[in-house]
Amino acid sequence: MGNAQHPHAKKPVAVPEKASLDGLDGRVRERWESADVFAFKKPTDGREVFSIDTPPPTVSGNLHAGSAFGFTHQDAIARYQRMAGRAVFFPIGWDDNGLPTERRVENYYGVRCDPSLAFDPGFTPPEKPDPKRKVAVSRPNFIALCEELTGEDEKVFEELYRRLGISVDWNFVYTTIGEHARRTSQYAFLQNLARGEAYQSEAPTAWDVSFQTAVAQAEFEEREVDGAYHTLAFTLTGTDEVIKVDTTRPELLPACVALIAHPDDERYKPLFGKTVKTPVFGAEVKICAHKDASPEKGTGIAMCCTFGDSTDVVWWRELNLPIKAVMGRDGRFVEDAPEDFDASAQTAYAQMATKTVFSAREALVGMLRESGQLLGDPRPIKHPVKFYEKGDRPLEIVTSSQWYIRNGGRDAPLRDTLLERGKELQWHPAFMRVRYEDWVTGLNGDWLISRQRFFGVSIPLWYRVDDDGEVLRDEVLVPNDDALPIDPSTDVPDGYDESQRGKPGGFVGDPDIMDTWATSSLTPQIAARWMDDKALFDLLFPMSLRPQGPEIIRTWLFDTLLRAHFEHGSLPWQHAYMNGWVLDPDRKKMSKSKGNVITPMGYVDDFGADAFRYWACCASPGTDTAFSVEQIKAGRRLATKILNASKLVLGYSAETEVDLDQVTEYVDRIELARLDAVIEKATASFEKFNYARALEATEQYFWDFCNVYLELTKVRAYGAEGTQPQATQSARVTARYIIDTVVRLFAPHLPFATEEVWGWSHNNLIAEESWPVASGLSVGEAGAAANTAHRVVADVLAKLRGEKSRAQLSMKHGVESLVICADEASLRVLQEAESDLKDAGVIQAVEYVPAEQMELKITLAAADAG
RNA sequence: GGGCCGUUGGCGCAGCCCGGUAGCGCAGUACCAUGACACGGUAAAGGUCACAGGUUCAAGUCCUGUACGGCCCACCA
């Protein structure tokens, strides 16, 4: 077996004069690309399919070290799987859909999207973008510009991924804004709608006032911000009794609809059911009991305003409170005061109307001080406030009509089913599942998927307009499947024509787009061509592996799992692999705001792709890793060493055949037995997606092989005078076999150097080679015994070297005599290795003495005789 | 507030699942041009495995707790 796996590929050895990494990356890459080796081929021989649901990188901006890091891990896994004989489907997509692209396009071209405009086929962007006066364009025009700009970025990114040696199939490139992804996304949404998994609802939702869009729970981010407790004096109706209420958001006082305390709170028990008058506005509100009020916070009684936070929403809903909306979608207080305000309350409110949160608060605090209803001074605190992760102003809660997909957030049986799915999925590392479970368990509402933005996949719906011109949100007009993708702002529903848009008796298009995750959650369906190639999809789905970062478990992973559950009634993949974080060299998380973001390509230029990949592959799955130039340099040294050791071994002889029957020498057999153990360990590690353990095992073996085995057998392998031809052949065959094997073991991690070396003696590509299997030809030496024997020999060699080192002599300095005292088993091993030891140590005579403990008596040759 | 992960020589990490003499790489020390490699080689030095208990003949490894670091989740009064 062994070499018999690839007999056809051998060619006469051709080793270069000087082995160097210079120019190697480009040369190797050229060979892969011209052969299109990473193209997915449908298996015709019954081999297994291994399909990878690759994360589509966001194209805006530079390639981040974290992205290169994660992709290297995936690539090592993909390359292993390919070598292990599986038909690997490793597609690539670009995530160009979404807000980051939108903002860049606005600035780059000087345009802004106005979805009410009609498509202008002749539109060209302004020659000189004017940031102050952006030209309004229709959504189709805007999307065309987004596609144009991202198309440029994608070319740059493709080049970077190719240079890193990421072995994706470039024939399967998709973009999340491309026609195919839009079609898939809209179709999947319509399926959800048809099955009742998608629905619309008018409800209070988190709202980003800068971007003026609704935001989903998965996009929240908590930030510690400065705030202050204000103690407000409410008055119990019909009495002078003052009730103190602490709040950090006094400006929401006009929206106050109740005071809430805990039902068991003795202080407030007698007050439940009574009413109070709010300060300044004098509005009469109830005092209610609810378990979510916490007696410890502030004065133990809270204002419920519509709406300050999600607790307010819960109270409002569960206690059937009225609504007093004061917050506008632009983050300013609305013009009109709540309806029930009397004249003086109206006057007071007028001082806040149209103001921002900050100014309105100032105005109200002024009024409270004047009326004496602000007790004491505000007490500054730091507290967590929810933000949209891409936003810079706190989220507000406003009522609007939005589309949702059910996700178990308000449906316990569905939630339990999704938790079960999480258990079915095999997580690597396993502890990452807990994050999924935390998220699913903590969901407090369905998935809000509509966004009031432009560059994304349109919600593929229209609504009927009645004869009075009112939009009937409940009368949804759905496109035909074969019309997808559609843009309802320019396309027209069946039975209508464009002239009826927005007219009584006509229709309007839904102006919104879907959450970017509503499309990204379909990457398995998009990449595997669910819509277009059913046979291919059935072959690839459920996919084998989803590799990704842990920070998007709550979005990408969860959403993908949810969509697959609804659509296919299955998991989208068997395995999920989470990579760790790349930290800066001081072990701090990289972030743009800290300015410590590292871009990797400079290092790839300086040290080669293999060197960078080595660093990435040293990090265990799921483990955070500090960026380390030292480690990259170590990778470069390893790559160089592989070239040089291979050059030595392949230089012994130009023979093409490697016949393990010719391995006759004990030292050689030991080495082969040890190699078998390494192959087994590397294989087992890779089968568990642990490229790092595989690399470690191979690397450790390889350095030892260079330092001990190659040094021991060099003289014999050269065929020096007095060496038996058979012994020479044994060494050559062994070394050659080991190099051919080790190079393949390294190929997933260091594809460039190993491809180069492979090419010195093979016609095919190592990327298409088979993964090594154990030779089993270690001739009766079990792995452990071989290791013991190896250690005995290596130990003697090390002691000899130590003696010379201490004497400050060259390793080539002669040894007149060597007396070895050791136990009988060790002596037997050493006698077998005697001629190699004599060659490696330049020893004239060896004597063996049985003893309890190993001890050497070394007599170095006289200095001048060296 | 709940949870997860980590804490091993100066630095970066492995070992822990399945307990049995503490390992790797880098840096640092001394030395070495020998026909693959100075982007090299050799050797020596360096750790009571965060802390406190427990289980055991035996604990870096298993159990309990504590501290510190990082992350995830949680209703912003």
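Lettering of chains follows the sequences in order, A, B, ..., and the numbering in each one begins at 1.
- Closest to the side chain of D309(A), from the set rC39(B), rC75(B), rU34(B), is rC75(B).
- Here the side chain of Q808(A) is nearest to one of rC5(B), rC31(B), rC76(B), namely rC31(B).
- Close to rA14(B), at under 4.0 Å from its OP1 or OP2, lies no side-chain N or O of Q700(A).
- On a pure distance criterion of 3.5 Å, no polar donor-acceptor pair joins the side chain of E630(A) and the base of rA27(B).
- Spacing between rG70(B) and rG54(B) at atom P, rounded to whole Å, works out to 32 Å.
- A sub-4.0 Å separation between OP1 or OP2 of rG12(B) and a side-chain N or O of T625(A) is absent.
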Side chain to side chain contact (heavy atoms under 4.5 Å, CB included) between L638(A) and W703(A), intermediate numbers included: CA-CA 9 Å; L638(A) 175 60; W703(A) 285 106; 3.8 Å; yes
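- Side-chain atoms of S810(A) and base atoms of rC32(B) include no donor and acceptor less than 3.5 Å apart.
- A salt bridge links D704(A) with R674(A): the distance from a Lys NZ or Arg NE/NH1/NH2 to an Asp or Glu carboxylate oxygen falls below 4.0 Å.
- Checking rA74(B), rC4(B), rG70(B) against the side-chain heavy atoms of W439(A) singles out rA74(B) as nearest.
- Spacing between atom CG of L21(A) and atom C1' of rG40(B) amounts to 14 Å, rounded to whole angstrom units.
- Computed from coordinates, the I632(A) CD1 to rA27(B) P distance equals 14 Å when rounded to whole Å.
- Across all strands shown, S620(A) has heavy atoms under 4.0 Å from sugar-phosphate atoms exclusively, and none from any base.
- Going from the C1' atom of rG28(B) to that of rC71(B) covers 34 Å, rounded to whole Å.
- For the pair C618(A) and A794(A), both in contact range of RNA chain B, the more 5′-proximal nearest nucleotide belongs to C618(A).
- Listed candidates were rC75(B), rC4(B), rU42(B). Nearest to the side chain of M811(A) is rU42(B).
- Remark: R801(A) does not engage E803(A) in a salt bridge, criterion side-chain N to carboxylate O under 4.0 Å.
- Counting any heavy atom pair closer than 4.0 Å across all strands shown, K633(A) reaches no nucleic acid atom.
- The side chain of R636(A) approaches rC39(B) more closely than any other nucleotide in the set rA14(B), rU42(B), rC39(B).
- In this structure, D836(A) pairs ionically with R716(A), as a charged nitrogen and a carboxylate oxygen lie closer than 4.0 Å.
- Note on N444(A): a side-chain N or O is less than 4.0 Å away from OP1 or OP2 of rC75(B).
- Residue E551(A) contributes atom CD, which lies 16 Å from atom C1' of rC5(B) at whole-angstrom precision.
- Residue contacts for V434(A): at a heavy-atom cut-off of 4.0 Å it reaches the sugar-phosphate backbone alone, with no base atom in range.
- A cation-pi geometry, defined here as NZ or CZ lying under 6.0 Å from the six-membered ring centre and within 45° of its normal, holds between R223(A) and F387(A).
- Rounded to whole Å, the distance from CZ on F705(A) to P on rG40(B) is 18 Å.
- Distance alone, capped at 3.5 Å, is enough to place a donor-acceptor pair between the T713(A) side chain and the Y709(A) backbone.
- Residue D292(A) places its side chain closer to rC75(B) than to any other of rC75(B), rU42(B), rG3(B).
- Using atom C1' as the reference point in both rU48(B) and rG9(B), the two lie 12 Å apart (nearest Å).
- Atom pair K18(A):NZ and rC37(B):C1' shows a separation of 7 Å (rounding to whole Å applied).
- Using a 4.0 Å cut-off, some side-chain N or O of K297(A) falls inside it from OP1 or OP2 of rC76(B).
- Backbone-only engagement by R637(A) is indicated by non-hydrogen atom pairs under 4.0 Å involving sugar-phosphate atoms exclusively.
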Kindly list each side-chain donor-acceptor pair under 3.5 angstrom involving residues 426-434 of chain A, sequence neighbours excluded, with atom names and distances?
{"from": "W427(A)", "atom 1": "NE1", "to": "G422(A)", "atom 2": "O", "distance (Å)": "2.8"}
{"from": "H428(A)", "atom 1": "NE2", "to": "H575(A)", "atom 2": "ND1", "distance (Å)": "2.9"}
{"from": "R433(A)", "atom 1": "NE", "to": "E437(A)", "atom 2": "OE2", "distance (Å)": "3.0"}

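- Listed pair R693(A) / rG15(B) meets the phosphate criterion, a side-chain N or O lying under 4.0 Å from OP1 or OP2.
- Nearest nucleotide to the side chain of A634(A), out of rG25(B), rG41(B), rA44(B): rG25(B).
- Comparing rG3(B) with rA44(B), their C1' atoms are spaced 47 Å from each other, to the whole Å.
- If you check every strand for non-hydrogen atoms under 4.0 Å, Q217(A) touches sugar and phosphate atoms only.
- Applying the 4.0 Å criterion to OP1 and OP2 of rU42(B), one finds that N707(A) has a side-chain N or O inside that range.
- No contact: A807(A) has no heavy atom under 4.0 Å from any strand.
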Side chain to side chain contact (heavy atoms under 4.5 Å, CB included) assessment of K641(A) paired with C706(A): CA-CA 9 Å; K641(A) 192 75 176 176; C706(A) 291; 3.9 Å; yes
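- Counting non-hydrogen atoms under 4.0 angstrom, G802(A) reaches the backbone sugars and phosphates but no base.
- Of the candidates rC75(B), rC76(B), rG70(B), rC75(B) carries the atom nearest the S310(A) side chain, counting heavy atoms from C-beta on.
- Each of L710(A) and T299(A) has a nearest nucleotide on RNA chain B; the 5'-most of these lies closest to L710(A).
- Remark: P of rC73(B) and CZ of R415(A) are 17 Å apart, rounded to the nearest angstrom.
- Distance, Y436(A) OH to rC71(B) P: 24 Å, rounded to whole Å.
- Scanning RNA chain B for stems, defined as runs of 3 or more consecutive Watson-Crick or G-U wobble pairs whose donor-acceptor distances all fall under 3.5 Å, gives the following ranges: B:1-7 with B:67-73, B:10-13 with B:23-26, B:29-32 with B:40-43, B:50-54 with B:62-66.
- For R435(A), taking side-chain heavy atoms from C-beta onward, the closest of the listed nucleotides rA43(B), rC37(B), rC72(B) is rC72(B).
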Worked verdict on H749(A) versus F686(A) for ring-ring contact (aromatic ring centres under 6.0 Å, His included): CA-CA 11 Å; H749(A) 312 97; F686(A) 260 125; 5.3 Å; yes
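- Salt-bridge check for K386(A) with E222(A): passed, with a basic side-chain N closer than 4.0 Å to an acidic carboxylate O.
- Within the 4.0 angstrom heavy-atom criterion, only backbone atoms of the sugar-phosphate kind lie near R554(A); the bases stay farther away.
- F69(A) and W615(A) have tilted rings, their planes meeting at an angle from 30° to 60° on a 0 to 90° scale.
- Nearest to the side-chain atoms of W703(A) among the listed nucleotides rA74(B), rG41(B), rG2(B) stands rG41(B).
- Judged by distance alone, with hydrogens and angles left aside, K641(A) brings a side-chain donor or acceptor within reach of the base of rC37(B), the pair sitting under 3.5 Å.
- Across all strands, E437(A) comes closer than 4.0 Å to no nucleic acid atom at all (heavy-atom distances).
- With rounding to whole Å, D704(A) atom CG is found 11 Å from rC24(B) atom P.
- Base engagement by L395(A) is indicated by at least one non-hydrogen atom pair under 4.0 Å involving a base atom.
- Side-chain nitrogen and oxygen atoms of K382(A) include none within less than 4.0 Å of the OP1 or OP2 phosphate oxygen of rC76(B).
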